[in-house]
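Below is one structure, written out as structure tokens; the observations come after it.
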Amino acid sequence: MALPYPPPPLAVPSSYPFHFLPSSSDPPYDILRTHPSLSLLSNCRTHQSLRETHAQMVKTGLHNTNYALSKLLELCVVSPHFDGLPYAVSVFETIQEPNLLIWNTMLRGLASSSDLVSALEMYVRMVSLGHVPNAYTFPFLLKSCAKSKTFEEGRQIHAQVMKLGCEVDRYVHTSLISMYARNGRLEDARKVFDTSSQRDVVSCTALITGYASRGDVRSARKMFDEITERDVVSWNAMITGYVENGGYEEALELFKEMMRMNVRPDEGTLVSVLSACAQSGSIELGREIHTLVDDHHGFGSSLKIVNAFIGLYSKCGDVEIASGLFEGLSCKDVVSWNTLIGGYTHMNLYKEALLLFQEMLRSGESPNDVTMLSVLPACAHLGAIDIGRWIHVYIDKRLKGVTNGSALRTSLIDMYAKCGDIEAAHQVFNSMMHKSLSSWNAMIFGFAMHGRANAAFDLFSRMRKNGIEPDDITLVGLLSACSHSGLLDLGRHIFKSVTQDYNITPKLEHYGCMIDLLGHAGLFKEAEEIIHMMPMEPDGVIWCSLLKACKMHGNLELAESFAQKLMEIEPENSGSYVLLSNIYATAGRWEDVARIREVLNGKGMKKVPGCSSIEIDSVVHEFIIGDKLHPQSREIYRMLEEMDVLLEEAGFVPDTSEVLQEMEEERKEGALRHHSEKLAIAFGLISTKPGTKLTVVKNLRVCRNCHEATKLISKIYNREIVARDRTRFHHFRDGVCSCCDYW
DNA sequence: CTAGGGTTAG
């Protein structure tokens, strides 16, 4: 048969930046293999040394050989010492005719990053250039599909596997099982599993992980028990499966059994077990393992294990030891930073969390999604909106397609709402393509907190129209919207529908909101009926809200009995004593005030100091009552004097009963003692341009005096002032507050 | 050159 001459041009997509030059013919293999530049390659531990070796290769002409290039790429892609993937990609793009090994190496690298799209693009490019994938290609590709949560692509790859007859390859077979299992498609995984008669440990382990990640620990255990020859990995998979599903006891039990059977634990075992200890609070076993590890095995130098210990100690409350271990690390990775930052957030040490985050940035470590999920709540607590905004930009720029995208947005909504910028929160919410239930919930809570009950309920009906079922948290959000706005009847209606319409068993929080609403309205009888009716004991928050209601309605008798309950439940909480003494003071019962103070002093308890913070130019400034520690203290107090004069001129009369109830030593400083929020506002006024909105965060509730004063200040200085107290937001503008004096 | 498990948050 005569071939056409000249041959027809190759159909090559024009968009590829490839130069189809004739491939350079590689020199004999032996020369290549022993070439000095190539032996240098394996010693490269930094990005810099890699580039130098690459330069060597260019000098000697090795860069034109596919063999040397594949070695170079492989090193870039697998090196644990640095992230060489971007460099690999840039080198790859210069290769004139990459061979199958090189394509596979690139896919290998892309599979370990979690970038499915790039991996698929690479595969499509490879195939459309006429390469036929082989059994080495698919495991990499399937790993990419397993990591992302879309199994559609995985199924298409499966079809390609079948077309090429690669399903008989052991590696491909297990990769397919794992891909389906990790995507939650256990039926499909099982089908692939059953096509082979040989049930090796590896396939079984893939299924164990799949069952466990879907919450089906029993099927996982059944599979585990069926394995005749278990290896470390299968033990680890089962232990992790238990940990993931909260079965810490079983996990630790299995670990002990594993030790009894003389299976030597590896790094992965310890990491899982330590995670179980951390989450279940088994600090003793954790310490035991710590001494064990220090004594025998060489695990002390393993970064992953040290990180696991940092997690253990910071979760179990020993932040000192955790930060000691962290400081002792000569080489920290993202996880080390994330773990300690998360530990600080966990222990409510928000300032420390933010400081460590800033140190992380200075050190040159790039934060990832997990970092942000720890840092954003810290911003939210402290009202650090500038840092929060910075993080928002960072997420948009650098964390575009990460797996936790939805969680990150939800965390941003919460951060903006808690930092006082409800509009920004709303914008983030509206920009979300895939809204999860928790993002709806976060937005509803945001509106509730800002006293915008209408917006909360509008959002709720939008949510229902979108066919989304509310959960218990959604309904707490709605109830708290009612309780922040005093919507008693609507609250009653929602409370009823919790059980009747949504088939949700009311939790303590639902009862709490309802009791708060009733107490606020002075309906103590009804509130107490609910307390008798509910199946659980009320907590401190509930008694506290009733106590506050008593103060508002001047109900001394009930106040005493509620305070009694509160002291029983939380004997070390000074709040109950302070509240009760305030109530006595309002009623003029000074001997009772003195008596309570004595009890308080006798127990060595101290009133929690009011603390307000304001963020100016990304720096959070904290103030406590009467505080003179700030470097600009003199200017602040000068401003306060001016404010007091103007307030008086505007007709402001302080409520003296609130002044009189201050503690003795505080009273010495007179009636002009300034609450922390006023200090923060004064500082805000002198540190920002006229007309700038001020946002203040306070740890306690705003007192009536300060509330009145702030209303006037917003008018006198023509400033919008947003203040967050313990439970909600107040937006002061032109002499009025968004809460309409109901809080 | 390949497959199963393993740190951080929620």
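Nothing here was measured: the structure is a model prediction, and the numbers come from that model. A note on names: the letters A, B, ... follow the listed sequences, proteins ahead of strands, and every chain is numbered from 1.
Among dT8(B), dC1(B), dG6(B), the nucleotide with an atom closest to any side-chain atom of Phe140(A) is dC1(B). Here the nucleotide nearest the side chain of Ser374(A), chosen from dA3(B), dA9(B), dT8(B), is dA9(B). With dT2(B), dG6(B), dT7(B) as the candidates, the nucleotide lying closest to the side chain of Asn307(A) is dT7(B). Of all nucleotides listed (dT7(B), dC1(B), dG5(B)), dG5(B) comes nearest to the side chain of Val233(A). Proximity note for Lys304(A) (side chain, C-beta onward) versus dA9(B), dG5(B), dT7(B): the nearest is dT7(B).
In terms of polar N and O atoms assigned as donor or acceptor, the side chain of Asn404(A) never comes within less than 3.5 Å of the base of dG10(B) in a complementary pairing. For Asp231(A) against dG4(B), a side-chain-to-base donor-acceptor contact under 3.5 Å is present.
For the pair Lys71(A) and dC1(B), the criterion of a side-chain N or O lying under 4.0 Å from OP1 or OP2 is not met. Taking 4.0 angstrom as the limit, Ser411(A) places none of its side-chain polar atoms (N or O) nearer than this to OP1 or OP2 of dG10(B). Put simply, Arg182(A) has a side-chain N or O that comes within less than 4.0 Å of OP1 or OP2 on dG5(B).
Atom CD in Glu167(A) sits about 19 Å away from atom P in dA3(B), given to the nearest Å.
Arg214(A) has a carboxylate O that lies under 4.0 Å from a charged side-chain N of Glu187(A), or vice versa, which qualifies the two as a salt bridge.
For the pair Tyr136(A) and dC1(B), the ring geometry qualifies as stacking, because the centroid separation is below 5.5 Å while the planes lie within an angle under 30°.
Ring centroids of Phe357(A) and Trp337(A) are separated by 6.0 Å or more, keeping the two rings apart.
A donor-acceptor pair under 3.5 Å is formed between the side chain of Asp471(A) and the backbone N or O of Ile473(A).
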